[in-house]
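Atoms considered below: every heavy atom in the structure, side chains included; atoms not considered: hydrogens, waters and symmetry mates. Nothing fancy with the numbering, it's 1 onward along the sequence. If you're wondering where the values come from, they're calculated on a predicted model, not measured in any experiment.
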Amino acid sequence: LTNTNISDAQEMETIWTILPAIILVLIALPSLRILYMTDEINDPSFTIKSIGHQWYWTYEYTDYGGLIFNSYMLPPLFLEPGDLRLLDVDNRVVLPVEAPVRMMITSQDVLHSWAVPTLGLKTDAIPGRLNQTTFTATRPGVYYGQCSEICGANHSFMPIVLELIP
């Protein structure tokens, strides 16, 4: 112990601990505000309610007179050349490009997951709970997804198809 003054630096250690914490809070608060603002769409052009059943989806365009339809996977006998096996459905969800869309997602029976990976969307469908996700697609095309929850023996046979048109 040649220098006993080195061990008594409580003030410096306190500053070294508190100053980085304050800097991190100052960086995080604006980021959280921006993250919240980008997640919420206040005035969507379309609100679509998606209900998961075993083994199909029901869609309801709530803003346009309650248009309701079921979306079942196409059996192999009804596939045409160019259709994707286990991914194509009989009724697609058709939406315009550059329109803000709110998806309300729930389930009637068991846990499902409404997932379209190419659009970066994945929201769980839980019985008795209404989950929400919002998106604005920028490119036209046909986007495929599936239920990505282990909701039963045939959960992989619950395809989701969004057709985005200009």
**Student:** Out of Tyr56, Tyr59, Trp57, which residue meets the ring pair (Phe, Tyr, Trp, His ring centres under 6.0 Å) rule with Tyr72?
**Tutor:** Tyr56

**Student:** Determine whether Arg139 and Val97 satisfy the following criterion, side-chain contact (heavy atoms from CB on, under 4.5 Å), listing intermediate values before the conclusion.
**Tutor:** CA-CA 6 Å; Arg139 294 183 179 172; Val97 176; 5.9 Å; no

**Student:** If we only count heavy atoms from C-beta on, is the Leu162 to Tyr144 side-chain gap below 4.5 Å?
**Tutor:**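 Not in contact.
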
**Student:** Answer yes or no: is there a side-chain heavy-atom contact under 4.5 Å between Leu95 and Ile165?
**Tutor:**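 No, too far: nothing below the 4.5 Å cut-off.
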
**Student:** Are any of the side-chain heavy atoms of Leu79 and Leu77 separated by less than 4.5 Å?
**Tutor:**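 Contact flag for Leu79/Leu77 side chains = no.
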
**Student:** Looking at side-chain heavy atoms only, is the closest gap between Met103 and Thr123 below 4.5 Å?
**Tutor:**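 Heavy-atom side-chain distance check fails, nothing below 4.5 Å.
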
**Student:** Please examine the side chains of Ser71 and Arg92, heavy atoms only from C-beta on, and report whether any two atoms are closer than 4.5 Å.
**Tutor:** no

**Student:** Can you confirm whether Thr47 sits close enough to Met104 that some side-chain heavy atom of one is under 4.5 Å from a side-chain heavy atom of the other?
**Tutor:**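 Thr47 reaches Met104 side chain to side chain.
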
**Student:** Answer yes or no: is there a side-chain heavy-atom contact under 4.5 Å between Thr134 and Val101?
**Tutor:**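 Counting from C-beta outward, Thr134 and Val101 never come under 4.5 Å.
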
**Student:** Closest approach of Pro159 and Leu86, non-hydrogen atoms and distance?
**Tutor:** CB-O, 3.9 Å

**Student:** Could you verify whether a donor N or O on one side chain and an acceptor N or O on the other, from Gln108 and His53, lie under 3.5 Å apart?
**Tutor:**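 Yes, because at least one side-chain N or O of Gln108 sits under 3.5 Å from a partner of the opposite role on His53.
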
**Student:** Please tell me if the side chains of Pro100 and Phe135 come closer than 4.5 Å, counting only heavy atoms from C-beta onward.
**Tutor:** no

**Student:** Do we see a donor-acceptor contact under 3.5 Å between the side chains of Thr58 and Asn70?
**Tutor:**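 A pair is found: one side chain offers a donor N or O, the other an acceptor, under 3.5 Å apart.
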
